[in-house]
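The structure appears right after this line, and notes come after that.
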Amino acid sequence: MVTEIILGFLAAIAILTGFGGFRIINQVERGIVFRFGRAQKEIRRPGVTFLIPVVDRLKKVNVQIVTMPVPTQEGITRDNVSVQVDAVAYFRVQDPLRAAVEVQNYLFAVEQVAQTSLRSIIGKSELDDLLSNREELNKGLALMIDSPALGWGIHIDRVEIKDVTLPESMKRSVARQAEAERERRARVITADGEFQAARKLADASAIMAHTPSALQLRLLQTVVEVAAEKTSTLVMPLPVEVLRFFDRGGAQGSPARESEEPGPAEKGAPPPQLTAPDELTKILGLHESANRPDS
C-alpha cells in the first residue's frame, strides 16, 4: 500500500515536471536556450518549445523595432556656439544570440553609444549644418552608432535629430541675420524692377522720338484716364505742334483769300467770315500782345 502511494506520488511529480518543461514564445520574440549555462546555437522560433527540466533555461529576446529617445546633449559646435540637441534612434535586434551573449544590456549600451555619438556630431558640425543640413548629420550619426552595435547583433534603422535649442542671444542674432537677408533680397528685387522699368521707358521714349504722333496719342490717353475721375479739375497743356498745324493750315488758305480780295466797289460789303484756324491764331496773337510788358 505504501509502495503504491510512493509510486503514484513519483508519477505525479514526473507528469508535472514534464508539463513544466513546455514554454510558449510569442511572435515578436526569439528564444535562447542555456543548457548547463552554455548557450545553444539553435534559436527557438515562436510557438511551443520544450525544455529539459532543471537542465535548460530560456531567455526571450524581443526583435521588434525599438524607439529610443536620446537625452538632450549640450555641446559646443565647431564655430563656438553652445547648443542643446536631442535625437531619437530606431533599431532592432538582428542576431538574438549575440544580443543575449555579447552584451549585458543592449538597450542601455545603445543608449550610451547614441549619447556619445551625438556629442561627437555636435562638436564636428557648425550651427548652420545643425539647422539646415540635418539629413547628412542623421546619416553620419546613424553610421557612428551602427559601427559598435553590429558586434552586439543590433541593426540601427535610422537616427534623427529632433530639436536644436539655441541661447536667447543667439536666437536674436539669427533673427537679425534673417531680417537682413530678407531686406537685402527686397532691395535687389526693387532695384531689378526699377532697372526693367527704366529699360522699357527708354525703349518707349526712343519710339516716341521717331514718331511724334505717338506722344500726342499718349497725351490723349492720359487725358482720358484723368477725365474719368469727375472729382478732379483737368488742366490740359496745348502742344506747340498743334499751333504749327494751325499755322500751316492758315498759310495754305492765305493765297486764296488774296486772290479773292474785294475790289473798290465791294469795299462796303461785310468782312468775310474767318475760319477756325484763323480765329484761333488771331486769339492767340491778341493774348500774346496783351501779355507783353511794353503793352
Side-chain angles (χ1 to χ4, degrees), residues 26-30 43 60-193:
N26 296 326
Q27 180 67 35
V28 298
E29 296 175 339
R30 300 293 183 269
I43 306 298
K60 299 179 181 179
V61 179
N62 194 314
V63 295
Q64 289 179 302
I65 294 179
V66 180
T67 302
M68 175 179 290
V70 181
T72 303
Q73 301 297 314
E74 184 175 0
I76 300 177
T77 61
R78 191 168 60 181
D79 50 353
N80 299 325
V81 179
S82 178
V83 295
Q84 294 181 353
V85 183
D86 56 352
V88 58
Y90 303 90
F91 63 92
R92 64 184 303 172
V93 177
Q94 192 173 20
D95 189 350
L97 181 60
R98 301 180 69 178
V101 175
E102 298 295 336
V103 62
Q104 182 178 7
N105 186 349
Y106 67 88
L107 294 176
F108 180 75
V110 171
E111 181 181 1
Q112 296 302 313
V113 171
Q115 293 183 22
T116 55
S117 300
L118 183 58
R119 283 180 175 272
S120 178
I121 285 292
I122 294 174
K124 295 179 180 178
S125 306
E126 295 184 357
L127 179 61
D128 294 338
D129 296 333
L130 290 175
L131 297 177
S132 60
N133 193 18
R134 293 189 181 182
E135 291 296 333
E136 298 296 332
L137 295 181
N138 293 337
K139 293 179 181 178
L141 185 58
L143 183 60
M144 294 180 63
I145 301 175
D146 193 46
S147 297
L150 286 177
W152 306 331
I154 308 297
H155 173 66
I156 304 298
D157 285 344
R158 60 188 304 178
V159 181
E160 293 184 356
I161 296 176
K162 292 197 303 183
D163 189 19
V164 178
T165 304
L166 301 177
E168 293 297 330
S169 59
M170 184 55 61
K171 289 182 179 180
R172 291 192 295 267
S173 300
V174 172
R176 289 195 301 268
Q177 179 183 0
E179 184 178 358
E181 178 66 20
R182 291 288 181 179
E183 185 177 357
R184 182 190 67 83
R185 292 172 58 184
R187 290 182 178 179
V188 170
I189 293 174
T190 303
D192 187 37

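All of these numbers come straight from a predicted model, not from anything done at the bench. Residue numbers run from 1 in the order of the sequence given.
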Heavy atoms, side chains only, cut-off 4.5 Å: are [X] and [Y] in contact?
| X | Y | value |
| --- | --- | --- |
| Val81 | Leu130 | no |
| Pro71 | Glu111 | yes |
| Val93 | Arg30 | no |

Atom CD1 in Ile121, atom CD in Gln73: separation rounded to 0.5 Å?
13.0 Å
So, applying side chain to side chain donor-acceptor pair (under 3.5 Å) with Glu181, which one of Gln177, Arg184, Arg185 is it?
Arg184
Please check: side-chain N/O of [X] versus main-chain N/O of [Y], any donor-acceptor pairing under 3.5 Å?
| X | Y | value |
| --- | --- | --- |
| Arg134 | Asp129 | no |
| Asn62 | Gln64 | yes |
| Asn138 | Ile161 | yes |
| Asp157 | Tyr90 | no |
| Asp86 | Asp163 | yes |
| Thr116 | Val113 | yes |

Salt-bridged, Glu135 to Lys139, with N to O below 4.0 Å?
no
Please determine if Glu168 and Lys171 form a salt bridge, counting it only when a charged side-chain N lies under 4.0 Å from a carboxylate O.
yes
